[in-house]
Amino acid sequence: MKNILEDIEPALRPPGGGIPSFSAGAGGALSVQRRHYALFGARADADMAELEALWRKQLQRFSQGKLSPKVILLGVPLDTGAGIRRGAAHGPRGVREALLESGTYRDWVRSGVVLDLGDVFVNPHLLHDSMLSAKQISRCQAEMFASVSAASRKKMPVSALSLTRYVLELLQKRAPSARLFVIGGDHSVAWPVSEILAKKYPGKLGIVQPDAHTDLLKSRHGVEYCYTTWTYHANELLKKGTPKGQAKEGRLVQLGIRQTLKDKKHWESTTGVKQYWAHEINARPAHQVLAEIRAHFKKLGVKQIYFSNDIDGTDESEAPATGTPAAHGLSSAFVLQAIEVLGQEFDLVAADVMEVAPVLGSPEDCRKTTELAAQYTLACLKQQIR
């Protein structure tokens, strides 16, 4: 199989380093990288060049097929697709800091069961290449990928969502059996993940989306792909990919909805998604709700699951550091139980945690939210590794 290093390296950066930064942000990335690569023998005071060399060596071994992880972890530090209160671009760094407190996680990384390939290289001014002119794409390619050959540069996407899809396609070629865990980023990041999975598992994929919001707009102010539209487009892909004779609707299940201008009847009747609003879940035993979801997916022939977890699906008392925190939401206990139950019943091929914004709120808000996001990540990884 072809060595993909030449194709994938320009699109990635070491863990925590996906946002171009010339000041405080670089320090945060250095701290994460020192702790991460200490698992592979890096010195406590290693500088950025040494750490980047370790990252490149690991990336090279993966590209050559010398590493066979069960789960590939990828950060996408993007909040260009979010609303007014931004900060989710710092999610991959904050969640990794919390993850590295876990001995279990460190063991997984050290043993190679989990491979953190780093961050997608994010141009913070761009969202999706479909919104750019050919001239603008060419200009960005010239600056973002100046060290790449002219021939290779021309095929590189420049916007975060487009570049994420590009990376995921390469990962599928190199390690098709590896599961995926993505740390966002705003929830638009789930769109390229959905694209890849819907194509790979036509008629067999189900998406579970804990979220305070439906994200079911077809477009927002003329923008096709952003944090309020990704679910609409993912759901359309699920329906289009369903083989003839199978039910096309209901393969996307939303949990915890409570902030929307339309009611449940409207969304289910117009889009075909299945919704469990937060007040419905909170009024019932968790095992009953999850048994219904399990039976629902079984009836549709779902085999694989993408668990796309917006942190604001969880009640704001437990997850305040996010762009749109919302009261009366899901308990973390319910979300963790959902991961366990559905992860045991179906093949959890991909999962994520989105909209964690460590720069919003107090230090205590940041700590609570990143630690909870790390718990969700560990719960997903446990199911993906087993």
Side-chain angles (χ1 to χ4, degrees), residues 76 81 127-131 157 159-173 176-177 179-180 182 184 186-211 213-220 222-255 257 260 262 264-276 293-310 342 346-352 354:
V76 187
L127 188 55
H128 196 280
D129 281 12
S130 64
M131 305 178 193
S159 305
L161 297 184
S162 304
L163 200 56
T164 298
R165 174 171 177 165
Y166 171 84
V167 169
L168 294 179
E169 288 175 337
L170 290 172
L171 296 183
Q172 286 295 312
K173 291 178 182 178
S177 64
R179 276 72 185 112
L180 178 69
V182 177
D186 68 64
H187 218 155
S188 67
V189 172
W191 165 238
V193 182
S194 302
E195 281 188 290
I196 294 295
L197 295 175
K199 181 179 179 180
K200 186 174 182 179
Y201 304 107
K204 302 296 183 182
L205 180 69
I207 298 179
V208 181
Q209 178 194 355
D211 206 319
H213 314 90
T214 66
D215 299 351
L216 282 168
L217 298 182
K218 188 174 182 180
S219 68
R220 185 172 191 257
V223 175
E224 190 171 10
Y225 305 119
C226 66
Y227 77 140
T228 62
T229 68
W230 79 269
T231 303
Y232 172 86
H233 296 290
N235 187 50
E236 290 300 300
L237 280 185
L238 294 180
K239 289 191 287 188
K240 289 177 182 177
T242 304
K244 188 176 181 180
Q246 288 184 232
K248 295 183 178 296
E249 299 185 339
R251 298 178 186 277
L252 196 150
V253 175
Q254 299 184 318
L255 310 174
I257 302 300
T260 172
K262 305 289 186 178
K264 179 179 176 178
K265 182 179 179 181
H266 166 81
W267 292 119
E268 289 192 336
S269 64
T270 59
T271 66
V273 303
K274 186 170 181 62
Q275 293 182 340
Y276 288 85
I293 296 171
R294 184 171 53 203
H296 170 73
F297 276 146
K298 290 280 188 180
K299 183 178 179 180
L300 293 176
V302 168
K303 301 294 185 183
Q304 288 81 26
I305 290 286
Y306 171 26
F307 196 91
S308 188
N309 188 4
D310 190 320
L342 298 175
F346 302 95
D347 186 0
L348 190 61
V349 291
D352 65 44
M354 300 290 182

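Please read these numbers as outputs of a predicted model, since none were measured by experiment.
- Annotation: side chain of Trp191 is in contact with side chain of Leu237 (closest heavy-atom distance under 4.5 Å).
- Closest of all the heavy-atom pairs between Ser308 and Asp352 is OG-OD2, 2.8 Å.
- Between Leu205 and Ala198, the shortest heavy-atom distance links the atoms CD2-N, 3.7 Å.
- When only modelled atom types and interatomic distance are considered, Trp267 and Thr260 share a side-chain donor-acceptor pair under 3.5 Å.
- Between the side chains of Asp310 and His213, no donor N or O sits under 3.5 Å from an acceptor N or O.
- Of the charged side-chain nitrogens involved, at least one lies within less than 4.0 Å of a carboxylate oxygen, so that Arg165 and Glu169 count as a salt-bridged pair.
- Counting only N and O atoms by type, the side chains of Thr231 and Gln209 include a donor and acceptor under 3.5 Å apart.
- Looking at residues two or more places apart in sequence or on another chain, you find a side chain to side chain contact (heavy atoms under 4.5 Å, CB included) between Thr242 and Gln246, Lys248, Arg251.
- Between the NE2 atom of His266 and the OG1 atom of Thr271 there is a distance of 7.5 Å, given to the nearest 0.5 Å.
- Residues Tyr225 and Leu127 have side chains not in contact (no heavy-atom distance under 4.5 Å, counting atoms from C-beta outward).
- Between the side chain of Gln275 and the backbone N or O of Glu268, no donor-acceptor pair lies under 3.5 Å.
- Heavy atoms of other residues, nucleotides or ligands lying less than 6.0 angstrom from NZ of Lys239 number more than 12.
- Here the shortest heavy-atom pairing between Ser194 and Ile207 reads OG-CD1, 4.0 Å.
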> What's the verdict on side-chain contact (heavy atoms from CB on, under 4.5 Å) for Tyr227 and Arg220, showing C-alpha distance, side-chain angles and the deciding distance?
Replying inline: CA-CA 9 Å; Tyr227 77 140; Arg220 185 172 191 257; 4.1 Å; yes

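- Taking the ring centre of Phe346 as origin, the terminal cationic atom of Lys298 falls inside the region bounded by 6.0 Å and 45° from the ring axis.
- Here the CG atom belonging to Leu300 is positioned 10.0 Å from the CD atom belonging to Glu249, to the nearest 0.5 angstrom.
- The minimum heavy-atom distance linking Ser188 with Leu161 is given by the pair O-CD2, 3.4 Å.
- The NE2 atom of His128 sits 4.0 Å away from the OG atom of Ser162 when rounded to the nearest 0.5 Å.
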> Going through the distances and angles, do Trp230 and Met354 end up as a side-chain contact (heavy atoms from CB on, under 4.5 Å)?
Replying inline: CA-CA 13 Å; Trp230 79 269; Met354 300 290 182; over 6 Å; no

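- Within the 4.5 Å cutoff, side-chain heavy atoms of Leu255 are placed close to those of Ile293.
- Counting only heavy atoms from C-beta outward, the side chains of Tyr276 and Val253 approach each other to under 4.5 Å.
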> Please walk me through it: do Thr229 and Glu224 pass side-chain contact (heavy atoms from CB on, under 4.5 Å)?
Replying inline: CA-CA 7 Å; Thr229 68; Glu224 190 171 10; 5.9 Å; no

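- With contacts defined as side-chain heavy-atom distances shorter than 4.5 Å, the pair Gln254/Asp211 does not qualify.
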> Passes side-chain contact (heavy atoms from CB on, under 4.5 Å), Lys200 versus Leu168? Steps please.
Replying inline: CA-CA 12 Å; Lys200 186 174 182 179; Leu168 294 179; over 6 Å; no

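- Counting heavy atoms from C-beta outward, Phe307 and Pro210 have side chains that approach closer than 4.5 Å.
- Applying side-chain hydrogen bond (donor to acceptor under 3.5 Å, both in side chains) to Asp347 and the options Arg179, Lys204, Lys303 leaves one that passes, Arg179.
- Atoms CG and OH, on Leu252 and Tyr232 in that order, are 13.0 Å from each other to the nearest 0.5 Å.
- Heavy atoms only, all atoms of each residue included: Pro157 and Asp129 are closest at CA-OD2, 3.3 Å.
- The two atoms that bring His233 and Lys218 nearest to each other are NE2-O, 3.0 Å, heavy atoms only.
- Gln172 contributes atom CD, which lies 9.5 Å from atom OG of Ser177 (distance to the nearest 0.5 angstrom).
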